Amino acid sequence: MSSKTEREAFVSNLNGTTVVEITLVNCSAPLAVLLRAVVIPWLFGSVYAKFNIGLRFLLDFCLLVLPTMLCTTILADHTIALLSGGVSMVLSLLIFSDRHSKPSTPPQTQNVSIQTILERKLSEKVPFVTNYRAYANVCTAICILAVDFHIFPRRFAKAEMYGTGLMDVGVGSFVVSNAIVSPEARGKYRPARTLHGKLSNVAQSIKATAPLWVIGISRMAVVKAVGYQEHVTEYGVHWNFFFTLSVVRVLSTAVLQFAGPGMSGLLSLVLAGQYQFALSNQGLRDFILHGSDGRDSREGFLDANREGICSCWGFLAVYFAGVELGRFIFQKRQTIQQWLEACVKLTAAFCLFWILLAVCEAYVEPVSRRTANLGYQIWMMVYNIQIIACMLLVDLVVVMAAELGLVNRAYSPRIWGLQQDTKGENEATTPTKQPLPEWCLLSAVNRNQLFYFLLANLLTGAVNLCIDTLRTEPFMAFCIIFAYMLQLCNVAVVLHARGITLKFW
């Protein structure tokens with residue numbers, strides 16, 4: 001068996017893990033953000049402000065990236081213990097923070113009432129969205145290299161036909177991540193009134209996705225040229241992740257030109273229902289899984305790339321659901337109480353989608369990323385709403401802890417600005433805009449997401465071409481992944497610190 005065939009077999013014919021386990025692994029991201037917000041001021045206090053950017057980066061990396069690396073590699077079988085330890089550490093530091101460091105707020109605000117805190121006004125920033133989108137890239141970057149080593153559990157790799165592997169969430173998360181910050185979701189959508197204007201907007205969307213098309217074509221050419229291993233049943237012979245994102249973006253723009261953003265939720269329901277009907281009753285599922293001849297035929301462009309092309313229908317439904325989710329997130333809110341209510345609603349939506357997922361798997365069809373069926377679409381909403389709600393909860397917990405003097409918000413990652421206006425008779429709070437510090441790793445990743453993901457793919461390819469990943473010892477494998485992530489994040493931080501935003505158009 002050749003090295004290429006052996007590596008392809010290593011990531012093929014897998015069945016995934018449980019949704020519950022992936023949900024637990026998912027919790028490592030918001031917990032890491034909370035750890036950073038609490039640990040840094042507790043350990044270093046005001047001294048932290050004197051650290052250079054290199055030391056700050058190393059602290060960020062160890063607190064924000066390392067926990068997720070551990071949960072997906074050497075401590076994958078001990079996720080509950082790792083999460084429990086993290087939560088216990090946070091609670092301990094919060095409880096004993098007043099004995100260790102000076103209060104972060106003036107004495108007169110130490111006994112502030114809960115109602116007063118709930119009525120505090122926040123800035124219009126939504127840092128939890130930045131954290132969520134950054135972690136989509138960080139987790140993906142870890143997985144695309146780690147999957148080639150034995151240190152990465154096979155149950156986390158992509159499922160062949162049906163199943164839920166951790167890596168199955170990749171493309172779905174990117175689709176949702178792009179949708180919730182789209183102009184339609186953020187209320188910056190300006191509908192064209194004429195047909196010419198609508199077509200012009202579609203053309204602009206095609207132009208905006210040009211880098212994805214170029215990267216997708218380049219990746220396909222390089223993979224074929226160097227004989228790099230391919231998992232054909234993932235997208236097809238020629239299709240790849242970048243083509244899917246491009247098609248979904250262009251099609252969504254074209255549809256919303258005529259339907260409007262307010263119809264996003266309904267469009268998602270209609271598309272999801274139609275696509276599942278086609279899968280179950282029109283023979284589309286058999287075509288995607290077994291080819292036009294029922295024997296996995298790859299003759300012709302459509303047959304060769306049936307997984308990637310047909311699944312765009314399902315991902316389009318996910319995108320519209322993401323737009324509707326973004327419209328909810330970017331509704332105007334000012335106080336902590338309003339954001340707490342939003343967090344409760346997101347949690348309720350998470351529970352609702354989880355119930356729908358259980359019903360769908362029992363009575364319709366199991367989850368399949370390969371076909372992007374109804375079960376997969378619902379699962380993507382479960383996965384992404386969970387991490388968004390948890391990131392929002394972490395932000396609110398840190399803000400309230402700062403108000404109580406338990407956390408110094410000056411050293412927390414992008415805490416929403418809060419300022420007491422005591423001038424005159426006005427005792428109300430007013431929002432302040434506190435920009436994310438230049439040294440924050442999550443902001444650095446978020447700033448150059450496309451470049452970060454592209455660099456991760458290039459480094460992954462380089463590692464695979466230089467190292468026999470299947471015969472690498474666990475300790476050495478972890479060291480390689482650690483060095484790879486360290487270098488990847490270092491590049492992102494350097495670019496961010498220099499104020500460089502890389503675009504290819």
Side-chain angles (χ1 to χ4, degrees), residues 1 3-26 28-29 68-79 135-175 219 223 228-236 239-241 244 288-289 307-308 311 315 361 366-373 375-376 379-380 382-383 453 456-457 459-461 463-465 467-474 477-478 480-482 484-485:
M1 181 183 294
S3 175
K4 177 184 176 182
T5 303
E6 187 178 8
R7 293 189 182 197
E8 290 174 350
F10 186 61
V11 295
S12 301
N13 301 314
L14 303 171
N15 299 315
T17 183
T18 65
V19 175
V20 173
E21 183 175 20
I22 295 176
T23 300
L24 290 173
V25 173
N26 206 17
S28 65
T68 301
M69 286 180 57
L70 293 173
C71 281
T72 54
T73 54
I74 57 177
L75 295 182
D77 295 330
H78 308 282
T79 302
Y135 262 108
N137 280 270
V138 169
C139 187
T140 301
I142 294 171
C143 291
I144 60 175
L145 176 60
V147 69
D148 296 318
F149 294 92
H150 286 282
I151 196 175
F152 189 82
R154 293 302 88 196
R155 64 183 185 276
F156 285 172
K158 291 180 179 179
E160 188 68 22
M161 288 192 179
Y162 295 100
T164 53
L166 179 61
M167 292 192 69
D168 285 317
V169 307
V171 61
S173 288
F174 273 91
V175 168
R219 184 187 186 281
V223 167
Y228 194 76
Q229 65 263 23
E230 297 179 85
H231 192 185
V232 175
T233 58
E234 183 178 347
Y235 292 105
W239 203 266
N240 58 52
F241 165 87
T244 295
I288 295 175
L289 297 180
E307 292 91 350
S311 64
F315 286 117
E361 287 199 297
V367 173
S368 174
R369 181 228 15 107
R370 189 170 168 183
T371 63
N373 61 0
Y376 180 82
W379 180 40
M380 285 302 92
V382 170
Y383 178 91
F453 183 71
N457 276 268
L459 291 177
T460 297
V463 170
N464 273 276
L465 291 175
I467 297 174
D468 187 352
T469 57
L470 299 184
R471 292 168 179 80
T472 304
E473 294 297 323
F478 184 80
I480 292 171
I481 298 169
F482 184 91
Y484 150 82
M485 287 302 301

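In this text the structure is predicted, and so the values were computed from the model without any measurement.
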Practice task
For residues L459 and L145, determine if any side-chain heavy atom of one lies less than 4.5 Å from a side-chain heavy atom of the other.
Solution key: no

Handout entry: Test item: E307 and W239 side chains (from C-beta on) under 4.5 Å apart, heavy atoms
Key = no

Handout entry: Residue from I151, V463, I480 passing side-chain contact (heavy atoms from CB on, under 4.5 Å) with T472
Key = I480

Completion exercise
Output for pair (L14 CG, H231 NE2), nearest 0.5 Å, gives 7.5 Å

Handout entry: Pairing residues for E21 by the side-chain hydrogen bond (donor to acceptor under 3.5 Å, both in side chains) criterion, not counting sequence neighbours
Key = T17, R155

Completion exercise
Smallest heavy-atom separation, G163 atom then D168 atom, equals O-OD2, 3.8 Å

Exercise for the section: Apply side-chain hydrogen bond (donor to acceptor under 3.5 Å, both in side chains) to H78 and list each qualifying residue two or more places apart in sequence or on a separate chain. Expected result: none

Problem - Under 3.5 Å: donor-acceptor pair, side chain of H150, backbone of R471 - result: no

Exercise for the section: Using a 4.5 Å cut-off on heavy atoms from C-beta on, say whether the side chain of R7 contacts that of L470. Expected result: yes

Fill in the blank from the handout: Heavy atoms of T68 and T72 approach each other most closely as O-OG1, 2.9 Å

Practice task
Measure the shortest side-chain to side-chain distance between I467 and D148 over non-hydrogen atoms and say whether it is less than 4.5 angstrom.
Solution key: no

Exercise for the section: For C143, check side-chain contact (heavy atoms from CB on, under 4.5 Å) against everything at least two apart and list the hits. Expected result: C139, F152, L166, M167

Handout entry: Partner residues of Q229 under the side-chain hydrogen bond (donor to acceptor under 3.5 Å, both in side chains) criterion, sequence neighbours left out
Key = N464

Handout entry: Closest non-hydrogen atom pair, A146 against T73
Key = CB-CG2, 4.3 Å

Exercise for the section: Taking the six-membered ring of Y162 (Phe, Tyr or Trp), confirm whether the NZ or CZ of R370 is under 6.0 Å from its centre and within 45° of its axis. Expected result: no

Handout entry: Partner residues of L70 under the side-chain contact (heavy atoms from CB on, under 4.5 Å) criterion, sequence neighbours left out
Key = L66, I74, L75, L82, F478

Practice task
Please name all residues satisfying side-chain contact (heavy atoms from CB on, under 4.5 Å) with F241, sequence neighbours left out, ordered by chain then number.
Solution key: V171, F174, Y235, L245, F453

Practice task
Please report the shortest heavy-atom distance between Y228 and G461, naming the atom on each side.
Solution key: OH-CA, 3.7 Å

Problem - Within-4.5 Å side-chain heavy-atom neighbours: N15 and E160 - result: no

Problem - Any side-chain heavy-atom pair of F10 and T469 under 4.5 Å - result: no

Fill in the blank from the handout: Rounded to the nearest 0.5 angstrom, the OG1-CZ distance for T164 and F156 is 10.5 Å

Handout entry: Student check: side-chain heavy atoms of Y376 and T371 closer than 4.5 Å
Key = no

